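Worksheet for the structure shown next.
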Amino acid sequence: MKTKKWLLTVAATAISSVAFASASVAAPFYEGKTLSLVVGYSPGGGSDLMCRLFARHLTKHVSGKPTIVVRNMPGGGGLKAMNYVGEAAKKDGTTGLCGAFNTLVQLLNDKSLRVDLSKFNFIAGMAASQVFFMRADVKPGIKKAEDIFKAEGVIIGGFRTNSSKDLQVRSAMDVLGIKHKYITGVKGDGGGRKHIQQGFLNAWQDSLAGYLSISQGTLVKTGIVVPIYQMGELGADGKLSKRNAALPDIPTLFEFYKAKFGKEPSGKVWDIYATMSKVTSTALRALSLPPGSPKAAVADLRAGYGKMLEDADYWVEAKKVVGKTASFSKGKKTQAILESAMSAPPSLKKFLVEYIKRGEEMARKK
(Lines give C-alpha, C1' and ligand atoms only; values in the text may rest on other atoms or scores of the structure.)
Protein backbone atom coordinates (compact mmCIF):
# COMPACT_ATOMS: atom_id res chain seq x y z
CA MET A 1 0.00 0.00 0.00
CA LYS A 2 2.80 2.35 0.94
CA THR A 3 4.61 1.41 -2.27
CA LYS A 4 1.54 2.19 -4.36
CA LYS A 5 1.10 5.58 -2.66
CA TRP A 6 4.79 6.36 -3.22
CA LEU A 7 4.50 5.52 -6.93
CA LEU A 8 1.46 7.76 -7.30
CA THR A 9 3.32 10.64 -5.62
CA VAL A 10 6.34 10.19 -7.92
CA ALA A 11 4.10 10.07 -10.99
CA ALA A 12 2.24 13.21 -9.98
CA THR A 13 5.51 15.03 -9.35
CA ALA A 14 6.86 13.98 -12.75
CA ILE A 15 3.71 15.16 -14.53
CA SER A 16 3.86 18.49 -12.72
CA SER A 17 7.53 18.91 -13.67
CA VAL A 18 6.80 18.24 -17.34
CA ALA A 19 3.88 20.68 -17.31
CA PHE A 20 6.01 23.34 -15.64
CA ALA A 21 8.86 22.84 -18.11
CA SER A 22 6.46 23.14 -21.05
CA ALA A 23 4.95 26.32 -19.67
CA SER A 24 8.39 27.83 -19.04
CA VAL A 25 9.34 27.51 -22.73
CA ALA A 26 7.95 30.79 -23.98
CA ALA A 27 6.36 31.02 -27.39
CA PRO A 28 8.26 33.09 -29.97
CA PHE A 29 7.71 36.82 -29.42
CA TYR A 30 6.08 37.41 -32.80
CA GLU A 31 3.86 34.33 -32.83
CA GLY A 32 0.34 35.44 -33.78
CA LYS A 33 1.41 39.11 -34.10
CA THR A 34 1.37 41.63 -36.94
CA LEU A 35 4.33 43.94 -37.49
CA SER A 36 3.59 47.24 -39.26
CA LEU A 37 6.47 48.90 -41.10
CA VAL A 38 5.78 52.63 -41.38
CA VAL A 39 7.42 54.20 -44.44
CA GLY A 40 7.77 57.98 -44.43
CA TYR A 41 7.65 58.23 -48.20
CA SER A 42 5.16 57.64 -51.02
CA PRO A 43 4.46 54.25 -52.62
CA GLY A 44 6.73 53.27 -55.48
CA GLY A 45 9.86 55.10 -54.28
CA GLY A 46 13.15 53.52 -53.22
CA SER A 47 12.22 53.37 -49.53
CA ASP A 48 8.81 51.85 -50.25
CA LEU A 49 10.27 49.21 -52.57
CA MET A 50 12.95 48.20 -50.06
CA CYS A 51 10.50 47.94 -47.16
CA ARG A 52 8.03 45.86 -49.16
CA LEU A 53 10.91 43.58 -50.15
CA PHE A 54 11.72 43.15 -46.45
CA ALA A 55 8.06 42.49 -45.62
CA ARG A 56 7.79 39.72 -48.20
CA HIS A 57 10.85 37.82 -47.03
CA LEU A 58 11.43 38.69 -43.37
CA THR A 59 8.23 37.00 -42.25
CA LYS A 60 9.64 33.61 -43.32
CA HIS A 61 12.72 33.95 -41.14
CA VAL A 62 11.51 35.58 -37.91
CA SER A 63 10.56 33.11 -35.17
CA GLY A 64 6.78 32.95 -34.95
CA LYS A 65 6.36 34.01 -38.60
CA PRO A 66 4.52 37.29 -37.98
CA THR A 67 2.33 38.97 -40.56
CA ILE A 68 4.27 42.01 -41.85
CA VAL A 69 2.47 44.90 -43.51
CA VAL A 70 3.72 48.20 -44.94
CA ARG A 71 2.02 51.53 -44.17
CA ASN A 72 3.00 54.65 -46.11
CA MET A 73 3.02 57.90 -44.13
CA PRO A 74 4.71 60.51 -46.36
CA GLY A 75 5.38 64.01 -45.11
CA GLY A 76 8.21 66.32 -44.11
CA GLY A 77 10.90 64.29 -45.84
CA GLY A 78 10.26 61.34 -43.56
CA LEU A 79 9.77 63.43 -40.40
CA LYS A 80 6.06 62.65 -40.06
CA ALA A 81 6.76 58.90 -39.87
CA MET A 82 9.77 59.37 -37.56
CA ASN A 83 7.71 61.37 -35.09
CA TYR A 84 4.77 58.98 -35.28
CA VAL A 85 6.78 55.80 -34.67
CA GLY A 86 8.94 57.34 -31.97
CA GLU A 87 6.19 59.29 -30.23
CA ALA A 88 2.69 57.90 -30.81
CA ALA A 89 3.03 54.25 -31.85
CA LYS A 90 2.86 51.53 -29.19
CA LYS A 91 6.29 50.41 -27.98
CA ASP A 92 5.29 46.74 -28.03
CA GLY A 93 7.35 45.56 -31.00
CA THR A 94 4.45 45.70 -33.45
CA THR A 95 5.40 48.99 -35.18
CA GLY A 96 8.68 49.78 -36.90
CA LEU A 97 10.15 52.64 -38.93
CA CYS A 98 11.41 51.74 -42.38
CA GLY A 99 12.99 53.71 -45.23
CA ALA A 100 15.48 56.52 -45.86
CA PHE A 101 16.95 57.56 -42.52
CA ASN A 102 17.78 61.24 -42.21
CA THR A 103 20.41 61.70 -39.51
CA LEU A 104 20.85 65.35 -40.50
CA VAL A 105 17.57 66.41 -38.88
CA GLN A 106 19.01 65.37 -35.53
CA LEU A 107 22.52 66.69 -36.18
CA LEU A 108 21.04 70.08 -37.05
CA ASN A 109 18.64 70.06 -34.08
CA ASP A 110 15.66 70.44 -36.42
CA LYS A 111 12.73 71.62 -34.26
CA SER A 112 10.32 69.57 -36.39
CA LEU A 113 11.89 66.40 -35.00
CA ARG A 114 10.30 65.54 -31.65
CA VAL A 115 12.06 62.22 -30.96
CA ASP A 116 15.63 61.11 -30.32
CA LEU A 117 16.60 59.06 -33.36
CA SER A 118 19.78 57.78 -31.71
CA LYS A 119 17.67 55.75 -29.28
CA PHE A 120 15.87 53.76 -31.97
CA ASN A 121 16.69 50.03 -32.14
CA PHE A 122 18.14 49.30 -35.57
CA ILE A 123 17.41 45.98 -37.21
CA ALA A 124 18.78 46.49 -40.71
CA GLY A 125 20.53 48.95 -42.97
CA MET A 126 20.71 49.26 -46.73
CA ALA A 127 24.04 50.60 -47.89
CA ALA A 128 24.61 52.84 -50.89
CA SER A 129 27.60 54.32 -52.63
CA GLN A 130 28.20 57.33 -54.89
CA VAL A 131 30.48 58.17 -57.83
CA PHE A 132 31.73 61.66 -58.66
CA PHE A 133 32.46 62.46 -62.31
CA MET A 134 33.36 65.53 -64.38
CA ARG A 135 32.81 66.58 -67.98
CA ALA A 136 35.83 65.86 -70.12
CA ASP A 137 35.66 69.32 -71.77
CA VAL A 138 36.26 71.24 -68.52
CA LYS A 139 39.25 73.49 -69.25
CA PRO A 140 42.07 72.71 -69.88
CA GLY A 141 40.69 69.18 -70.52
CA ILE A 142 39.97 66.23 -68.23
CA LYS A 143 41.47 62.98 -69.49
CA LYS A 144 42.16 61.29 -66.18
CA ALA A 145 41.04 61.76 -62.57
CA GLU A 146 44.16 63.69 -61.53
CA ASP A 147 43.36 66.40 -64.08
CA ILE A 148 40.74 67.77 -61.68
CA PHE A 149 43.53 69.57 -59.82
CA LYS A 150 44.08 71.87 -62.80
CA ALA A 151 40.39 72.20 -63.74
CA GLU A 152 38.96 75.69 -64.33
CA GLY A 153 35.35 76.79 -63.97
CA VAL A 154 34.12 73.73 -62.07
CA ILE A 155 30.35 73.82 -61.44
CA ILE A 156 28.98 71.25 -58.99
CA GLY A 157 25.31 70.56 -58.34
CA GLY A 158 23.06 69.14 -55.65
CA PHE A 159 19.52 68.77 -54.32
CA ARG A 160 19.32 71.28 -51.47
CA THR A 161 21.87 72.99 -49.24
CA ASN A 162 21.25 70.70 -46.25
CA SER A 163 21.12 67.38 -48.11
CA SER A 164 23.81 64.76 -47.57
CA LYS A 165 24.61 64.76 -51.32
CA ASP A 166 25.29 68.51 -51.38
CA LEU A 167 27.36 68.32 -48.20
CA GLN A 168 29.38 65.40 -49.53
CA VAL A 169 30.17 67.06 -52.85
CA ARG A 170 30.97 70.49 -51.39
CA SER A 171 33.16 69.08 -48.63
CA ALA A 172 34.99 66.83 -51.09
CA MET A 173 35.81 69.79 -53.33
CA ASP A 174 37.00 71.81 -50.33
CA VAL A 175 39.12 68.95 -48.99
CA LEU A 176 40.75 68.54 -52.39
CA GLY A 177 41.19 72.30 -52.76
CA ILE A 178 39.16 72.55 -55.99
CA LYS A 179 37.75 76.02 -56.73
CA HIS A 180 34.12 75.68 -57.78
CA LYS A 181 30.69 77.21 -58.20
CA TYR A 182 27.71 75.56 -56.52
CA ILE A 183 24.17 75.18 -57.84
CA THR A 184 21.44 73.44 -55.87
CA GLY A 185 17.77 72.60 -56.43
CA VAL A 186 18.42 69.85 -58.99
CA LYS A 187 15.54 67.37 -59.22
CA GLY A 188 17.09 63.99 -58.55
CA ASP A 189 20.05 62.18 -60.08
CA GLY A 190 18.18 62.07 -63.37
CA GLY A 191 18.09 65.85 -63.35
CA GLY A 192 21.79 65.93 -62.55
CA ARG A 193 22.63 63.75 -65.55
CA LYS A 194 20.45 65.92 -67.77
CA HIS A 195 22.23 69.10 -66.60
CA ILE A 196 25.59 67.43 -67.25
CA GLN A 197 24.57 66.57 -70.81
CA GLN A 198 23.35 70.13 -71.38
CA GLY A 199 26.48 71.66 -69.86
CA PHE A 200 24.54 73.52 -67.16
CA LEU A 201 26.69 71.59 -64.66
CA ASN A 202 30.06 70.04 -65.38
CA ALA A 203 30.42 67.83 -62.29
CA TRP A 204 27.96 65.52 -60.54
CA GLN A 205 27.89 62.85 -57.83
CA ASP A 206 25.69 59.98 -58.99
CA SER A 207 24.23 57.07 -57.04
CA LEU A 208 26.09 53.82 -57.67
CA ALA A 209 22.98 52.18 -59.13
CA GLY A 210 22.40 55.15 -61.45
CA TYR A 211 26.05 55.25 -62.45
CA LEU A 212 26.20 51.55 -63.35
CA SER A 213 22.83 51.38 -65.11
CA ILE A 214 22.80 54.77 -66.87
CA SER A 215 25.81 57.08 -66.56
CA GLN A 216 28.47 54.50 -67.32
CA GLY A 217 26.93 53.79 -70.72
CA THR A 218 25.57 57.19 -71.70
CA LEU A 219 28.21 59.52 -70.21
CA VAL A 220 31.44 57.64 -69.49
CA LYS A 221 31.71 55.30 -72.48
CA THR A 222 30.67 58.09 -74.83
CA GLY A 223 33.50 60.25 -73.52
CA ILE A 224 31.31 63.00 -72.10
CA VAL A 225 32.54 62.56 -68.53
CA VAL A 226 35.50 61.10 -66.67
CA PRO A 227 34.99 59.33 -63.29
CA ILE A 228 37.12 61.00 -60.61
CA TYR A 229 36.49 59.06 -57.37
CA GLN A 230 33.95 56.95 -55.55
CA MET A 231 32.62 57.78 -52.11
CA GLY A 232 34.27 54.87 -50.33
CA GLU A 233 33.02 52.27 -47.89
CA LEU A 234 34.25 51.44 -44.41
CA GLY A 235 37.23 49.13 -44.50
CA ALA A 236 38.49 46.85 -41.73
CA ASP A 237 40.52 49.84 -40.49
CA GLY A 238 37.34 51.88 -39.95
CA LYS A 239 38.33 54.33 -42.70
CA LEU A 240 36.50 55.14 -45.95
CA SER A 241 39.17 53.31 -47.91
CA LYS A 242 37.27 50.34 -49.31
CA ARG A 243 36.25 50.37 -52.98
CA ASN A 244 32.86 49.04 -53.98
CA ALA A 245 33.25 45.64 -55.64
CA ALA A 246 31.43 46.93 -58.74
CA LEU A 247 34.02 49.70 -59.25
CA PRO A 248 37.45 48.18 -58.57
CA ASP A 249 39.27 50.67 -60.84
CA ILE A 250 37.93 53.93 -59.39
CA PRO A 251 39.75 55.17 -56.24
CA THR A 252 37.91 56.25 -53.13
CA LEU A 253 38.15 59.91 -52.15
CA PHE A 254 40.28 58.79 -49.20
CA GLU A 255 42.75 57.07 -51.57
CA PHE A 256 42.60 59.90 -54.10
CA TYR A 257 43.50 62.50 -51.47
CA LYS A 258 46.28 60.38 -49.96
CA ALA A 259 47.83 59.73 -53.39
CA LYS A 260 47.89 63.46 -54.13
CA PHE A 261 48.97 64.87 -50.78
CA GLY A 262 50.87 61.97 -49.23
CA LYS A 263 48.77 61.90 -46.06
CA GLU A 264 45.29 60.99 -44.89
CA PRO A 265 42.54 63.65 -45.08
CA SER A 266 41.63 65.34 -41.79
CA GLY A 267 39.99 68.43 -40.31
CA LYS A 268 36.39 69.54 -39.78
CA VAL A 269 35.49 69.66 -43.48
CA TRP A 270 36.70 66.08 -43.85
CA ASP A 271 34.73 65.15 -40.72
CA ILE A 272 31.56 66.38 -42.45
CA TYR A 273 32.31 64.27 -45.51
CA ALA A 274 33.20 61.22 -43.41
CA THR A 275 30.11 61.53 -41.21
CA MET A 276 27.73 61.73 -44.18
CA SER A 277 29.54 58.99 -46.10
CA LYS A 278 29.72 56.52 -43.22
CA VAL A 279 25.95 56.77 -42.83
CA THR A 280 25.31 56.45 -46.58
CA SER A 281 27.68 53.50 -46.98
CA THR A 282 26.03 51.67 -44.07
CA ALA A 283 22.38 52.66 -43.91
CA LEU A 284 21.06 55.15 -46.41
CA ARG A 285 17.81 53.35 -45.60
CA ALA A 286 17.09 51.48 -42.39
CA LEU A 287 14.58 49.38 -40.47
CA SER A 288 14.20 50.07 -36.75
CA LEU A 289 11.93 49.69 -33.74
CA PRO A 290 11.20 52.72 -31.54
CA PRO A 291 12.88 53.41 -28.18
CA GLY A 292 11.46 51.25 -25.38
CA SER A 293 10.58 48.30 -27.61
CA PRO A 294 10.87 44.83 -25.99
CA LYS A 295 14.38 43.39 -26.13
CA ALA A 296 12.93 40.08 -27.33
CA ALA A 297 11.37 41.82 -30.33
CA VAL A 298 14.66 43.48 -31.29
CA ALA A 299 16.60 40.22 -30.85
CA ASP A 300 14.13 38.13 -32.86
CA LEU A 301 13.97 40.62 -35.73
CA ARG A 302 17.75 40.92 -35.89
CA ALA A 303 18.11 37.14 -35.88
CA GLY A 304 15.46 36.76 -38.59
CA TYR A 305 17.06 39.47 -40.69
CA GLY A 306 20.42 37.68 -40.45
CA LYS A 307 18.80 34.46 -41.69
CA MET A 308 17.08 36.35 -44.50
CA LEU A 309 20.45 37.60 -45.77
CA GLU A 310 21.49 33.94 -46.18
CA ASP A 311 18.42 33.12 -48.28
CA ALA A 312 19.22 32.78 -51.99
CA ASP A 313 15.60 33.49 -52.96
CA TYR A 314 15.78 36.81 -51.13
CA TRP A 315 18.89 37.87 -53.05
CA VAL A 316 17.34 37.00 -56.40
CA GLU A 317 14.48 39.42 -55.75
CA ALA A 318 16.65 42.00 -53.92
CA LYS A 319 18.87 42.42 -56.96
CA LYS A 320 15.82 42.91 -59.16
CA VAL A 321 14.16 45.40 -56.82
CA VAL A 322 17.04 47.52 -55.51
CA GLY A 323 19.75 46.73 -58.06
CA LYS A 324 22.62 44.33 -58.63
CA THR A 325 24.82 46.23 -56.21
CA ALA A 326 22.37 45.73 -53.31
CA SER A 327 24.24 45.70 -50.01
CA PHE A 328 22.78 45.39 -46.53
CA SER A 329 24.25 45.78 -43.04
CA LYS A 330 23.12 44.00 -39.89
CA GLY A 331 21.56 45.63 -36.85
CA LYS A 332 24.55 46.01 -34.54
CA LYS A 333 26.74 47.59 -37.23
CA THR A 334 23.93 49.89 -38.33
CA GLN A 335 23.27 50.85 -34.69
CA ALA A 336 26.93 51.72 -34.07
CA ILE A 337 27.36 53.85 -37.20
CA LEU A 338 24.13 55.80 -36.87
CA GLU A 339 24.57 56.40 -33.14
CA SER A 340 28.11 57.64 -33.79
CA ALA A 341 26.92 60.02 -36.53
CA MET A 342 24.12 61.47 -34.42
CA SER A 343 26.31 61.91 -31.36
CA ALA A 344 28.82 64.12 -33.16
CA PRO A 345 30.51 66.64 -30.83
CA PRO A 346 28.87 70.07 -30.44
CA SER A 347 31.82 71.71 -32.20
CA LEU A 348 31.18 69.66 -35.36
CA LYS A 349 27.43 70.33 -35.21
CA LYS A 350 28.12 74.07 -34.94
CA PHE A 351 30.56 73.91 -37.84
CA LEU A 352 28.02 71.94 -39.90
CA VAL A 353 25.40 74.68 -39.42
CA GLU A 354 27.93 77.32 -40.48
CA TYR A 355 29.01 75.20 -43.45
CA ILE A 356 25.43 74.90 -44.68
CA LYS A 357 25.01 78.68 -44.40
CA ARG A 358 28.14 79.16 -46.52
CA GLY A 359 26.61 76.83 -49.07
CA GLU A 360 23.43 78.91 -49.14
CA GLU A 361 25.51 82.01 -49.80
CA MET A 362 27.39 80.24 -52.61
CA ALA A 363 24.15 79.03 -54.20
CA ARG A 364 22.76 82.59 -54.24
CA LYS A 365 25.79 83.75 -56.26
CA LYS A 366 24.80 81.71 -59.32
Side-chain angles (χ1 to χ4, degrees), residues 77 102-105 107-108 110 128-142 145-207 210-211 215 219 224-232 240 252-254 256-257 260 265 267-277 279-280 284 348-366:
N102 189 354
T103 56
L104 275 170
V105 293
L107 275 173
L108 297 172
D110 192 316
S129 194
Q130 306 275 324
V131 184
F132 180 82
F133 49 72
M134 181 170 285
R135 281 188 63 106
D137 59 4
V138 172
K139 294 181 180 180
I142 307 295
E146 293 76 11
D147 290 339
I148 190 176
F149 293 108
K150 58 184 180 182
E152 300 172 8
V154 175
I155 307 172
I156 62 172
F159 297 157
R160 59 188 182 279
T161 55
N162 62 352
S163 79
S164 58
K165 181 186 284 288
D166 293 50
L167 290 168
Q168 282 176 322
V169 179
R170 284 184 53 221
S171 57
M173 294 299 97
D174 287 341
V175 165
L176 294 173
I178 308 300
K179 291 183 178 180
H180 60 278
K181 289 184 178 181
Y182 166 52
I183 293 174
T184 192
V186 178
K187 304 298 183 184
D189 282 324
R193 297 183 204 107
K194 180 179 179 181
H195 288 322
I196 284 286
Q197 290 175 317
Q198 295 173 337
F200 182 61
L201 300 172
N202 54 33
W204 184 254
Q205 179 169 287
D206 202 358
S207 66
Y211 178 84
S215 298
L219 299 176
I224 296 174
V225 305
V226 174
I228 308 297
Y229 62 80
Q230 59 177 290
M231 183 181 73
L240 291 164
T252 66
L253 178 62
F254 181 91
F256 192 56
Y257 179 96
K260 172 65 177 179
K268 286 186 177 179
V269 176
W270 170 254
D271 288 342
I272 288 176
Y273 181 87
T275 298
M276 297 297 99
S277 299
V279 169
T280 303
L284 176 67
L348 180 59
K349 291 182 180 181
K350 181 180 178 182
F351 183 77
L352 178 59
V353 171
E354 295 170 350
Y355 196 71
I356 290 173
K357 286 181 179 177
R358 293 209 313 252
E360 292 170 351
E361 292 171 0
M362 288 180 66
R364 283 196 291 267
K365 293 179 180 178
K366 296 179 188 179

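Computed from a predicted model, the values in this text were never measured in an experiment.
- The two residues Met134 and Ala151 come nearest to each other via the heavy atoms SD-CB, 4.2 Å.
- Using a 3.5 Å distance cut-off with no hydrogens or angles, the side chains of Thr280 and Gln130 do not pair a donor with an acceptor.
- Shown are Leu219, Ile156, Ile196; of these, the side chain to side chain contact (heavy atoms under 4.5 Å, CB included) with Trp204 is made only by Ile196.
- Between the side chains of Tyr355 and Asp174, a donor-acceptor pair is found at a separation under 3.5 Å.
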Give the intermediate values and the outcome of side-chain contact (heavy atoms from CB on, under 4.5 Å) for residues Ile183 and Phe200. CA-CA 9 Å; Ile183 293 174; Phe200 182 61; 3.9 Å; yes
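- For the pair Arg170 and Ile356, the tightest heavy-atom approach, listed with the atom from each and the gap, is NH1-CA, 4.1 Å.
- Using a 4.5 Å heavy-atom cutoff, the side chains of Val269 and Phe351 are in contact.
- Formation of a donor-acceptor pair under 3.5 Å by the Asn202 side chain with backbone atoms of Ile155 is found in this model.
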With side-chain contact (heavy atoms from CB on, under 4.5 Å) as the test, would you mind laying out the steps for Trp270 and Phe254 before giving the verdict? CA-CA 10 Å; Trp270 170 254; Phe254 181 91; 4.1 Å; yes
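- Using a 4.0 Å cut-off between charged side-chain N and carboxylate O, Asp166 and Arg160 make no salt bridge.
- When every heavy atom of Gly232 is checked against every heavy atom of Ser129, the shortest pair comes out as N-OG, 4.4 Å.
- Annotation: Lys349, atom NZ; neighbour count of heavy atoms from other residues, nucleotides and ligands within 6.0 Å is above 12.
- Nearest heavy-atom pair, Leu240 versus Ser277, reported as atom, atom and distance to 0.1 Å: CD1-CB, 3.7 Å.
- In this structure, Leu352 CG and Leu167 CG are separated by 6.0 Å, a value rounded to the nearest 0.5 Å.
- In this structure, His195 contributes its side chain and Arg193 its backbone to no donor-acceptor pair below 3.5 Å.
- For the atom pair CG of Asn102 and CG of Asn162, the computed distance is 8.0 Å after rounding to the nearest 0.5 Å.
- Atom-to-atom distance recorded for Asp206:CG and Gln230:CD is 13.0 Å, nearest 0.5 angstrom.
- Here CG of Asp137 is found 9.0 Å from CD1 of Ile142. Values are rounded to the nearest 0.5 Å.
- Nearest heavy atoms, Leu104 versus Ser163: CD1-C, 3.9 Å.
- Leu253 has its side chain out of reach of Phe132: every pair of non-hydrogen atoms, C-beta onward, lies at least 4.5 Å apart.
- Remark: the backbone N or O of Gln205 is not paired with any side-chain donor or acceptor of Tyr211 at under 3.5 angstrom.
- Heavy-atom minimum distance, Thr184 versus Ala363: CG2-CB, 4.0 Å.
- To the nearest 0.5 Å, atom OG1 of residue Thr161 and atom CZ of residue Arg364 are 9.0 Å apart.
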side-chain contact (heavy atoms from CB on, under 4.5 Å) between Tyr182 and Val169, intermediate numbers included: CA-CA 10 Å; Tyr182 166 52; Val169 179; over 6 Å; no
Evaluate Ile272 against Gln168 for side-chain contact (heavy atoms from CB on, under 4.5 Å), listing each step before the verdict. CA-CA 7 Å; Ile272 288 176; Gln168 282 176 322; over 6 Å; no
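- For Phe149 and Phe256, the ring centers are positioned less than 6.0 Å apart.
- Side-chain contact between Tyr257 and Val175: present, with at least one pair of heavy atoms (C-beta onward) separated by less than 4.5 Å.
- A distance of 16.0 Å separates CD in Glu152 from NE2 in His180, rounded to the nearest 0.5 Å.
- Using a 4.5 Å heavy-atom threshold, the side chains of Val138 and Asp147 count as separate.
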